[in-house]
Amino acid sequence: MLSLRPYRLVTVAVLLVAPYLPAARAGDARDQIIKLFQAAQEAEQVQDFSKSVAAYRDIAKIDPGIAEVWSNMGMALFHLGANQDAISAFQKALALKPALLAPHVFEGLAYLNLDEPQRAIAPLKAALALSPSQPEATLALGEAYARTFQFEASIRLLQKALQRDPGSESVGSNLAVSYLDWAKDIGTALMRSPSLYGRLLSDRVHATKDPETAEGAFRDTVAFAPGSAEAHLAYARFLMEIRPTAEKLRASEEQIAEARRITPHDLDVAAAEVRLAIAQNDIPRASTLLWTLMQEDPPYMLANLDALADGLPAEDALQIKEKAASMAAHSSGSLDGYSSRLARLERTKSGRLLSAIEDAEYTSAAWHLHRYDEALSDLMNRHRTDPVGQYWLFRTCEALGRDVLEQTVNAHPDSVRSHLLLADFAIQRDNLKSARSEYEAALSLRPHDPEIILFNVRLLETAKESRHALQEAMRGAADFPLHAGLNFEAGELMLRSNGDPEAAATYLERALQADPRLIRARTDLADAYAQLERFDDAIRELNRIIGTDDDGALHYRLARWYRQTGHAEEAAKALELCRRMKEQRLEKERRFSAGRSAEKYYDQVQ
């Protein structure tokens with residue numbers, strides 16, 4: 001599964017200058033250091049980072065006490081994808097000169113590359129303590145917060161950054177993804193709950209992924225909560241929007257009528273009636289309903305007109321929009337409208353804390369009027385963890401992420417970041433053709449960027465184009481021999497798809513040299529050694545990660561290979577551990593299933 005987190009364009013401005021050398025230093029050593037430093041800089045100018053690393057290492061042998069040399073060496077290693085070695089170099093630089101900015105920033109970025117966002121936070125916060133508005137540190141810290149599920153901290157940080165630089169594509173896209181990541185995290189947790197709101201989200205996902213069978217899920221939700229207007233309206237929208245037929249439109253009308261009976265003055269019901277009339281191609285009725293709705297709440301009408309009037313003649317939609325804008329300037333409509341409710345609750349809020357019910361009503365009204373920032377501010381200040389609060393937090397973050405993303409992409413339609421973001425969202429919608437088009441566009445702009453090449457390889461794997469994926473991975477690994485991700489992908493594809501364990505082992509060894517903590521790479525390397533009948537090497541590699549085994553699969557491999565090498569006692573021990581782990585996992589799954597069943601029953605009784 002590819003991540004929604006956007007591609008990082010590292011543009012930290014670092015002045016690479018020859019370090020200050022005391023005059024008392026021996027002339028030959030001083031001259032040698034300056035020549036090596038110049039050679040390193042020349043290599044960096046032509047993107048030959050391997051050569052620059054070698055030059056910096058030669059300098060460090062002559063004098064290990066120059067902080068800038070370690071810093072620059074770390075950055076060259078970083079660009080080669082050797083993140084762990086880069087971190088070591090940055091830490092040596094900071095031990096010598098803690099006030100250097102670049103090592104803090106790049107150490108944080110390297111930890112993010114190693115998928116250790118928690119360890120990235122401290123160096124990035126140190127960078128911002130030195131330079132509070134430093135853009136790359138801000139972006140990376142926002143990402144680290146989001147990847148450690150500190151979404152509120154991520155959003156607050158990036159909101160401030162966007163206020164400082166409203167036109168920043170990087171900040172805008174990162175903020176959009178933080179909103180959407182938070183929405184995804186909330187939605188995932190909510191869908192696991194047996195509440196009505198968990199069901200509503202699950203039904204929506206079901207409708208997207210498998211519309212053929214989703215109708216049953218919507219019916220079940222209505223049966224679960226027959227008194228919920230929202231459940232009836234969700235079912236009605238599904239019936240009119242997903243492959244509508246005359247029969248489905250009649251069923252949709254019945255659901256809307258039931259929602260009207262439950263909440264006679266709900267504007268969502270009126271909006272559903274408008275959409276149904278358009279689906280039935282009854283344009284005169286749709287126009288009449290829109291005019292009525294406009295009288296009820298002009299600001300609501302104006303905020304939602306694009307969605308409501310989709311399918312109306314352009315002239316009718318424009319006329320309604322102009323009238324709604326005029327009315328919204330002078331009236332908030334009826335007392336039951338969202339605008340009047342929000343104004344009333346704002347007055348109440350200025351005098352006292354809102355109750356839980358009032359707070360949910362406030363958030364709902366702000367969301368319906370597209371005043372998402374106000375809704376989010378209220379939700380974050382109240383820290384609502386109940387299903388209703390989480391549901392509105394999900395919808396608010398989703399809406400904000402969508403809006404910020406749209407604004408950012410529209411402002412920068414031809415940038416690498418925009419293409420990669422659009423590719424990520426196409427993948428989330430299972431539109432691999434569109435995602436591939438966006439990656440190809442990004443590669444046309446940056447054909448030698450290892451991260452984009454890696455994204456493209458993973459997309460090709462997702463699309464089951466293994467041969468093409470292997471070709472691209474091998475090309476990337478040849479261009480970037482120290483890049484852990486590209487070498488891992490080349491090795492795994494070579495092993496699983498091409499059946500060449502010897503070549504696979506070479507790539508996987510390189511990946512582990514760059515990043516020794518890649519568990520899948522070490523598992524694959526052990527498998528490659530086993531296929532080459534190098535069982536002792538396979539056992540050695542597997543024992544390095546045996547503590548990560550949570551389902552017995554690694555112990556089962558170990559037992560087989562011990563048996564192959566005549567170690568019967570060790571094989572028996574590994575097999576027994578495998579058996580125990582499988583039993584423990586089954587027992588845990590049984591307990592979880594029983595617990596969920598009890599929760600569901602209790603919720604229905606409630």
Side-chain angles (χ1 to χ4, degrees), residues 8-25 29-30 32-45 47-114 116-145 157 161 164-165 170-171 482 514:
R8 290 192 303 275
L9 293 171
V10 182
T11 57
V12 177
V14 182
L15 183 61
L16 300 179
V17 296
Y20 169 74
L21 299 173
R25 182 176 300 284
R30 177 188 175 89
Q32 192 175 359
I33 288 173
I34 291 173
K35 287 178 181 177
L36 286 167
F37 204 92
Q38 289 171 343
Q41 287 186 298
E42 289 169 2
E44 284 162 354
Q45 288 172 2
Q47 305 288 298
D48 189 348
F49 294 109
S50 297
K51 186 175 180 180
S52 68
V53 168
Y56 287 129
R57 282 183 170 146
D58 287 342
I59 297 174
K61 289 176 185 175
I62 298 170
D63 186 348
I66 306 173
E68 291 81 0
V69 168
W70 289 107
S71 177
N72 293 345
M73 184 195 303
M75 284 185 280
L77 287 163
F78 175 89
H79 285 293
L80 286 169
N83 292 289
Q84 193 58 53
D85 290 340
I87 288 168
S88 298
F90 294 138
Q91 290 174 347
K92 287 177 182 176
L94 292 169
L96 293 165
K97 192 177 288 188
L100 283 179
L101 175 63
H104 288 297
V105 177
F106 277 86
E107 183 183 353
L109 290 169
Y111 275 125
L112 288 176
N113 287 345
L114 291 172
E116 295 189 50
Q118 189 63 52
R119 298 183 74 179
I121 291 173
L124 293 169
K125 289 175 75 173
L128 289 175
L130 292 171
S131 179
S133 300
Q134 211 287 326
E136 281 75 19
T138 301
L139 292 170
L141 182 57
E143 178 179 344
Y145 280 144
L157 177 71
R164 289 194 303 266
D165 186 4
S170 302
V171 177
L482 295 182

Non-hydrogen side-chain atoms of [X] and [Y] separated by less than 4.5 Å:
X	Y	value
Val171	Thr138	no
Glu44	Asp48	no
Glu143	Pro117	no

Tell me, please, which residues at least two apart from [X] pass side chain to side chain contact (heavy atoms under 4.5 Å, CB included).
X	value
Leu96	Ala67, Trp70
Asp165	Ser168
Gln38	Ile34
Arg119	Tyr111, Glu116, Arg517

What heavy-atom pair brings [X] and [Y] nearest, and what distance separates the two atoms?
X	Y	result
Leu130	Ala99	CD1-O, 3.7 Å
Asn83	Ala110	OD1-CA, 3.7 Å
Ala140	Leu112	O-CD1, 3.7 Å

Nearest 0.5 Å, please: how far is [atom2] in [Y] from [atom1] in [X]?
X	Y	atom1	atom2	value
Ser71	Gln91	OG	CD	12.5 Å
Phe37	Ile66	CZ	CD1	8.5 Å
Leu141	Lys125	CG	NZ	7.5 Å
Asp58	Lys61	CG	NZ	5.5 Å
Gln41	Ser52	CD	OG	10.0 Å
Gln134	Leu124	CD	CG	9.5 Å

By salt bridge (charged side-chain N to carboxylate O under 4.0 Å, His left out) - contacts of Arg57 (at least two apart): none
From Leu109, Asn113, Leu114, Leu77, residue fulfilling side chain to side chain contact (heavy atoms under 4.5 Å, CB included) relative to Ile87: Leu114
Donor-acceptor contact below 3.5 Å, side chain His104 vs main chain Pro98: yes
Residue list, side chain to side chain donor-acceptor pair (under 3.5 Å) with Lys97, at least two apart or on another chain: Glu68
Phe49/Phe78 aromatic ring centres below 6.0 Å: no
